[in-house]
Amino acid sequence: MPQSSLHDLATSRATMAVSLLLGRVVSRRSYVPAIHRGYASSLKDVLQNKMVKKQKEVKEFRAAHGDTKVGEVTVNMMYGGMRGIKGLVTETSVLDPEEGIRFRGYSIPECQKLLPKAPGGNEPLPEGLFWLLITGDIPTDEQVAEVSKEWASRAALPQHVVQLLNNFPSTLHPMSQFASAIAAMQSESKFAKAYSEGAPKTDYWEHTFEDTMDLIAKLPPLAAAIYCNLYRDGKIGTLSADKDWSANFATMLGYDNPQFTELMRLYLTIHSDHEGGNVSAHACHLVGSALSDPYLSFAASMCGLAGPLHGLANQEVLVWLEQSMEVLGENYTNEQLKEYVWNTLNSGRVVPGYGHAVLRKTDPRYTCQQEFAFKHLPNDPMFKLVAELYKIVPDILLEHGKAANPWPNVDAHSGVLLRYYGMTEMSYYTVLFGVSRALGVLSSLVWDRALGLPLERPKSMSTEGLKKLVKA
Ligand code: AMX
């Protein structure tokens, strides 16, 4: 596979200066549809049409129902992580406790069926899911191909970010490297630049959209650089203008198995969005509400994803599964496996990959990964272990009596698939989750700016004040 050094990928300072200059020119004029600008971005045109309609819809809805009550807040909700409080509007996806995620109304199986695929591929292209999330429409093959091309053309990393990545110590966790490098790319923010030059509020969405497209395009080379620096020889594979986003990512990571590329397409699609209240989505929305630019907002999102109760659980699951293999070997009995799970619980730890703050059934993101495994790696011992655990863990968690949801979530399955194709470095897994999560949280950020959502500032209270309020 052709390899190029990280430095080859970085644009020179001069090129960057020119593109920043162009960005400034664009930000000063009012929006001109792509067809008249002579370059491909029909997505932006589609989006602008949607926005005009949505802005009107929201304005009319708020005028008619602005004071209508939508729920109540209890003392337990305030101490209990605000579970169940309806306090956010997110357009891109909705999570049903029983059914799981729907992206703009489409379930995962529907997305797998309806979204465009790569030639010869069976899994949906994440570019299509992004189009769906941000516009609400299922895109055509041509529209998706256009996004792939556009992302490939925006993928160059600034030189100072390459240097930063190369200078990180190998002891720094991949997620810390990821979040730090994303924050450092803020130097390229078209939103920050336009804001400092006095851009009108009505144009914020457009600058946010441009940053979103740039940032999503740059995440695969950035993430690949972390991987290759930590676990390979520091050289990343060559990006090609003709490949889709996932195929380029797989190549840059150094993987040339077409099945791994298909896994990446599925993985990057299903990890993208989980409505607005989860930590990574909420963090991006919250920080973005201060008009921090998309780079800073997404860096905050990634700091949240790096927590073991959220995205880091995919790393925790693999650590836990490997430990069980070490303790039990491959010829374990059902009883031994149950004992291993109980030992985890009795030592005060959680069973990673199980439970959810909203879901009350098996996560459909787990199910589609299980189907992928049945198709491609039915005899893998680690997959068999995951399948066995699925049979016993829910009953144990029910007997344990604490977890509100005893069923597996997305993270219970993803690591096993990655490991099968040779990606054994589990501390890297959450970075892959993060690359995917950009599609959802940044789509929402564009809409936040289009709808003019204000600074987020809920009211907090002291226990003393709360006691007085409820006359305790
Ligand atoms: N194993 C053991 N105990 C669990 C558990 C699990 N998998 N899931 C929940 N519990 C415990 C909680 O720790 C809590 O105990 P406490 O009362 O002593 O504090 C109790 O059950 C009630 O918790 P809950 O209401 O069911 O869950 P929650 O909404 O507070 O938290 C979650 C949800 C995901 C953090 C939790 O289920 C958990 O820790 N799971 C394991 C980690 C994991 O898989 N995280 C990934 C989630 C998906 C994602 O974001 N990527």
Side-chain angles (χ1 to χ4, degrees), residues 74 76-85 90 93 95-98 100-101 108 175 267-284 301-321 323-324 337-338 340-369 386 389-390 392-418 426-441:
T74 64
N76 268 345
M77 282 169 160
M78 289 175 72
Y79 283 100
M82 298 195 278
R83 293 291 182 286
I85 295 181
T90 303
S93 64
L95 181 60
D96 181 83
E98 302 293 318
I101 193 68
I108 287 180
M175 277 307 279
Y267 187 105
L268 297 172
T269 295
I270 63 173
H271 285 79
S272 58
D273 210 30
H274 225 218
E275 73 169 40
N278 68 78
V279 172
S280 53
H282 193 185
C284 186
S301 166
M302 291 302 95
C303 289
L305 193 75
L309 296 188
H310 190 21
L312 203 81
N314 57 10
Q315 166 185 325
E316 301 286 292
V317 167
L318 239 279
V319 171
W320 186 71
L321 291 177
Q323 275 169 2
S324 86
L337 202 54
K338 282 182 185 170
Y340 180 74
V341 177
W342 274 113
N343 284 344
T344 302
L345 291 169
N346 292 337
S347 64
R349 289 178 292 158
V350 294
V351 176
Y354 279 76
H356 200 274
V358 178
L359 279 169
R360 293 297 174 259
K361 284 273 165 66
T362 297
D363 191 335
R365 300 172 300 175
Y366 175 94
T367 311
C368 71
Q369 293 183 92
V386 168
L389 285 164
Y390 187 29
I392 66 164
V393 171
D395 281 342
I396 293 178
L397 284 177
L398 283 175
E399 194 182 332
H400 187 239
K402 272 190 166 185
N405 174 42
W407 301 103
N409 58 57
V410 64
D411 298 311
H413 218 303
S414 53
V416 173
L417 303 180
L418 297 167
M426 36 220 165
S427 51
Y428 185 73
Y429 291 171
T430 314
V431 174
L432 296 180
F433 194 153
V435 172
S436 172
R437 191 45 55 116
L439 304 178
V441 301

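One-based numbering, in listed order, for ligands and for the atoms of each. Keep in mind that this is a model prediction, so the values were computed, not measured.
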Residue portion contacting ligand 1 (non-hydrogen atoms closer than 4.0 Å) for Asn409
side chain
Considering heavy atoms of the protein only, find what lies nearest to atom 45 (N) of ligand 1 and give residue, atom and distance to 0.1 Å.
Leu309 O, 3.0 Å
Asp273 and Ile101: side-chain contact (heavy atoms from CB on, under 4.5 Å), yes or no, with the steps?
CA-CA 8 Å; Asp273 210 30; Ile101 193 68; 5.7 Å; no
At a 4.0 Å threshold, what atoms of ligand 1 neighbour a non-hydrogen atom of Phe433?
51 (N)
Identity and separation of the nearest protein heavy atom to atom 44 (O) of ligand 1:
Gly353 N, 2.8 Å
I'd like to check the salt bridge (Lys or Arg N to Asp or Glu O under 4.0 Å) partners of Arg365; sequence neighbours left out, ordered by chain and number.
Asp363
Looking at non-hydrogen atoms alone, which of Gly401, Ala357, Ser414 comes nearest to atom 33 (C) of ligand 1?
Ala357
Count the heavy atoms belonging to other residues, nucleotides or ligands that lie under 6.0 Å from CE of Met78, then report whether that count exceeds 12.
yes
State whether any protein heavy atom lies less than 4.0 Å from atom 19 (O) of ligand 1.
no
Counting heavy atoms only, which of His356, His310, Arg83, Lys402 is nearest atom 34 (C) of ligand 1?
His356
Nearest protein heavy atom under 4.0 Å from atom 27 (O) of ligand 1, yes or no
no
Residue, atom and distance of the protein heavy atom nearest atom 24 (P) of ligand 1 read Ala404 N, 4.0 Å
For ligand 1, is Leu345 a contact, meaning one of its heavy atoms is under 4.0 Å away?
yes
Would you confirm whether the ring centroid of His274 sits within less than 6.0 angstrom of the ring centroid of His356?
yes
Could you pull out the closest heavy-atom pair between Pro352 and Val350, with the gap in Å?
CD-O, 3.2 Å
Under 4.0 Å, heavy atoms only, figure out whether ligand 1 is touched by the backbone of Val279, its side chain, both or neither.
neither
Atoms of ligand 1 less than 4.0 Å from Val351 heavy atoms?
1 (N), 2 (C), 6 (C), 7 (N), 41 (C)
Please check: side-chain N/O of Ser93 versus main-chain N/O of Glu275, any donor-acceptor pairing under 3.5 Å?
yes
A side-chain contact here means heavy atoms from C-beta on lying under 4.5 Å apart; do Val351 and Ile396 qualify?
no
Below 4.0 angstrom from a heavy atom of Ala403, which ligand 1 atoms are there? Numbered from 1 as shown, please.
4 (C), 5 (C), 8 (N), 9 (C), 10 (N), 21 (O), 26 (O)
Going from OG1 on Thr74 to CZ on Arg83, what distance comes out if it is rounded to the nearest 0.5 angstrom?
12.0 Å
Which protein heavy atom lies closest to atom 41 (C) of ligand 1, and at what distance to 0.1 Å?
Tyr354 O, 3.3 Å
Any protein heavy-atom neighbour for atom 6 (C) of ligand 1 (distance below 4.0 angstrom)?
yes
Close-contact set for ligand 1 against Asp411 heavy atoms, below 4.0 Å
46 (C), 48 (C), 49 (C), 51 (N)
If the plane angle is over 60° it's perpendicular, under 30° parallel, otherwise tilted; pick one for Trp342 and His400.
perpendicular
When you measure from atom 37 (O) of ligand 1 to each heavy atom in Gly355, Pro352, Gly304, which option holds the nearest one?
Gly355
Would the distance check show the side chain of Ser436 and the main-chain N or O of Leu432 forming a donor-acceptor pair, the cut-off being under 3.5 Å?
no
Shortest non-hydrogen pair, Val279 vs Gly304, comes out as CG1-CA, 3.7 Å
Ligand 1 to Ala313, heavy atom cutoff 4.0 Å, flagged ligand atoms 43 (C), 44 (O), 45 (N), 46 (C)
shortest atom 3 (N) of ligand 1-to-protein heavy-atom contact is with Val350 CG1, 3.9 Å
Should the heavy atoms of other residues, nucleotides or ligands under 6.0 Å from CH2 of Trp320 be counted, would the total exceed 12?
yes
